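Notes for the one structure printed next.
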Amino acid sequence: MSSVDVFGLGVRSLYKRKLRTFLTLLGVIIGTASIVLMMSLGMATEAQFAEMMEHMDADMTIISVRSAQWGRPAPGGGWEVPDDFPELDEDAVLIFDSIPGVIVASPIIRGSIFMRSGPFAMMGWEVVGIRPEALPLMGYNLAYGRFLEEGDEFGAVFGGLAELSFYVPGSDDVRAWNLWGLDLDNVEPLVDVLNDPIQFSYDHRIAPSPWDMRGADIDLDDDMFDIEEIFRPLTTFDLNVVGLLERTANQWDDLRIYMDIAVVEEMAWLMTESQREEQQEWGFFSPIRGERERTSYDNVFVRVASIDDTHRVAEAINDMGFVAHYPGEFIDMQRRQQQNIRTLLTAIAGISLLVATINIANTMITSVTERTKEIGVMKVIGASIRDIRRMFLFEAVMIGIIGGIFGIGVSLLGSYAMNNFDVPFLEGLGPPDLGGWGMPMAPEDAIVSLITPWLLLLALGVAAGVGLIAGYFPARRATKLSALAAIRSD
Amino acid sequence: MGEERIVALEDITLSFEKGKIYCLLGTSGSGKSTLLNLLAGLEKPTSGSIMFKGKPLEALNETQLALYRQRYVGFVFQSYNLLATLSALENVTLPLIFRKVPKRKRIASAKAMLKAVGLSHRARHKPSELSGGQQQRVSIARAFINDPQVIFADEPTGNLDTKTTFEMMDMITGIARERNQTLVIVTHDTEISSYADRVISIRDGAVESIVDNEIRRDIYEEN
C-alpha cells in the first residue's frame, strides 16, 4: 500500500468522523498551544537574561575565588565567619583545575608598582601577579607582542587601557582616572610602552602624584629624588613590556598590568621591608609582618569554558568551603528562581498534552472497535498487517500534526496578545529591574513571550510524536484482530 | 472455547481443478463455511494439509497469507462488506491498492470491472446509496479485479431476492468461466448448486457426496 493511499484513506476516515476528530483535535490544540506558550515565556525571559549577561562589563567566564577567612555568605542567608576554613593554597588550585569545565585555575596576587618613563609617571595600582603559563588561557587576546614567558626578566603584559595611565607629575592631568570622558579610540598614549624604556619600583617616590605640585619642579631625569624629607636611595628595575592586550568590554580589567606572580610577590615583600625601614627611620616600631614564604594566595582565578559552566563550577568551589564570585552571579540567581517557576508552568502544560495523548488513544481504540469488520474485510481482500498498522498509525499521527499546526496558530495569537496587552499575572516574570546597582537595566520594551521557529518545529514534532505514541497500541490491536472473527462481527 | 472438543471437519480429501465451478452444499452447521475458511487461509487446520499450487497454506505466516490473498484469491461475502466511506469505484480498486497498483491503472481496471457487472452508471455512489443487488455487484467486481485464480463466495445470494439471485449467479459464474478461474460457492440452496460443475455435499463435517453436474449436463444436452 503506497503512502499516498494511506494518506487518502486516512483523511477520509477522519473526515467521516468529523465531530469526534474535531474534539480529539481540540485536545491536541490546547495541549500544544499551552506548551508552546509556556515555553515562549521562558524563552523570552531567557533571552532577556542572556542579553543582560552580554551587556555586563566583565569576562563572564572567570570565577574569582577567595578564602573564607574573612567570612562568607551563610547558607540560610546573611553572613558567617567560619572557625574552620580550607587554605587557598596550591592544593586548592590543583583541585579547582580538576573540576570538569575548568580551563585553568591560576593563583593571583594583587600588587602595585610605580613606574616612570622619561618625564611621565604611572601608579600601577592594579598589578596582577599570575603564572606566565596561565595568562594566555584567561581569555584575553593580544593586540601586540606576546604573553609572558618563563624567564622574562620583569616582563609585563599591559591591559588594553593601561598604557593610558601615564601622566605628567604635578600637571593635574589624570586622564587614566577619567577614562569615561575620553574618546578612547583617539587618545594618544604618552608613552609607547612597547618601545620606550620604563623603570618601575615598589617605592612610590618614583611616581609623584599628579597633584603634587612639587612634582612639577623635579627633574625627572635626575635619579636623586629629594622631594621626600628623608633621603633614601631608590631601587628601580627595568620593566620589560612584552605584550599589549586587546581592549575588552570591561575597562577595569583593561587597566590591569599582568606580571609574573613571583615578581609581584617579590615586590610586595620588598615594599613591606622598605615601609618598615621607613617607619623605623621615622621612629615608629614596626613588627615583622608574616613569613617571607607565602603558602596561600589572595585569589585564585578559575576560567571556565563557557558561561553555562560558571554557576556549576562556582557552586562546586563554594561547597569546598571557599568563596567563589563571578560576574552576573546575581542575575544568575534570579534566572534560576524564574526557571523553577517556569518549569512548574511547563509541567502543567505538559499535563494537558498528556491528556490530549490519552484522548487520541481513546479515539483510536474506539475507531478500531467500530471498524473491526472493515479491518477484517481489508485483511481478507489482501491488506497486510503492515498496511493495517500504517493506516491506524497515520490517522493518529495526522490528528497529532493537524492539532499541532492549529495549536501553533493559537499559540502565535496568544503570544501576540501577551506581548501587546497587559496581562497582570505575567508581571512577576522576566528579569528584575537591577538598574542603579551597576547592572544593566531590563530592556524597556521587553517582550513577554518569544516564539522562535525552532520552538514551533519542536512543538510540531512533539504533537506528531504524541499521535504516534497514542496510535501505537490501537494500531497494534487492529493488526492482531483475526480476519475471520472480524468479518463475522457486527 | 470450552473444554469440549468440537469436530467441525474430519477426514476430508478434496481436490479442486482450475477453471471449474464448485459448490459446497450443506445445511447450517454442516462445516461448509469452515471448509471455505480453511481454503481461503482464514483458518488453519488442526491437522492435515491444504495445498495450493503445490504449497501448504497452513505453513504460511500472516504476511505470506496476505500476499496469497492479494495475488490468488477473490472473495464475495453474503453481506457484501463494502467500505462505507468509499465509492463503488474505490471499493473495487481496494485490492489493487493493497497490491500497490498505480492509481491511473487501477481506476481503469476498476471501471472496466464495473462495466462488466453492469454498474458503470453508479460508480461514484457510496454503498449506502445502492440496493442490495447493486452492492453485491460491486462486491463481485472487487473479487475479480485482481484477476485471482480462485474466487470464494460465501452464500453470495443469501440476502437477495430470487430474481437478483439468478442474475448474480449468472454473472459470477459467467465471469469465472470466461476467465477460466476456479469458483468455490458455499450455499445451502440446492437451486444455486445447479450452477456448479461439481456439487460437494457436506454433512456433519464430512463429505456426503460429490455430484458431477458436467456429466449430467452432457447427458441432458445429448438428449
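Since the model is a prediction, treat every value here as computed from it, not as a measurement. Labels below follow one simple rule: chain letters A, B, ... track the order of the sequence lines, proteins then strands, and each chain is numbered from 1.
When heavy atoms are compared at a cutoff of 4.5 Å, Leu96(B) does not approach chain A at all. Heavy-atom distances place the side chain of Arg142(B), and not its backbone, under 4.5 Å from chain A. For a residue to count as touching a neighbouring chain, one of its non-hydrogen atoms must lie under 4.5 Å from one of that chain's; by this rule Ile381(A) touches chain B with backbone and side chain alike. Contact of Ala84(B) with chain A is made through the side chain alone, with heavy-atom distances under 4.5 Å. Proximity to chain B (any heavy atom under 4.5 Å) is shown, for Ser384(A), by both the backbone and the side chain.
A cation-pi arrangement, defined by a distance under 6.0 Å to the six-membered ring centre and an angle within 45 degrees of its axis, is absent between Lys18(A) and Phe22(A).
Listed by first then second residue, pairs satisfying ring-ring contact (aromatic ring centres under 6.0 Å, His included) with a partner in residues 97-131 of chain B number zero, not counting sequence neighbours.
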#### Entry: Chi angles and distances behind the salt bridge (Lys or Arg N to Asp or Glu O under 4.0 Å) call for Lys126(B), Glu90(B)
CA-CA 9 Å; Lys126(B) 294 275 164 69; Glu90(B) 287 162 335; over 6 Å; no

### Task
Using the salt bridge (Lys or Arg N to Asp or Glu O under 4.0 Å) rule, take Lys32(B) and Asp154(B) through it: C-alpha gap first, then chi angles, then the decisive distance, then the call.
CA-CA 9 Å; Lys32(B) 60 185 193 306; Asp154(B) 190 0; over 6 Å; no

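No donor-acceptor pair closer than 3.5 Å links the side chain of Arg198(B) to the backbone N or O of Tyr22(B).
The interface of residues 54-83 of chain B with chain A, defined by heavy-atom distances below 4.5 Å, comprises Glu62(B), Ala66(B), Arg69(B), Gln70(B), Phe75(B), Phe77(B), Ser79(B), Asn81(B), Leu83(B).
Under the 3.5 Å distance criterion, with hydrogens and angles disregarded, a donor-acceptor pair is assigned to the side chains of Thr164(B) and Asp161(B).
With respect to Glu46(A) and Arg335(A), a salt bridge is recorded, a charged nitrogen being found less than 4.0 Å from a carboxylate O.
Here the rule is side chain to side chain contact (heavy atoms under 4.5 Å, CB included) with Lys111(B), and of Leu89(B), Thr93(B), Val92(B) only Leu89(B) fits it.
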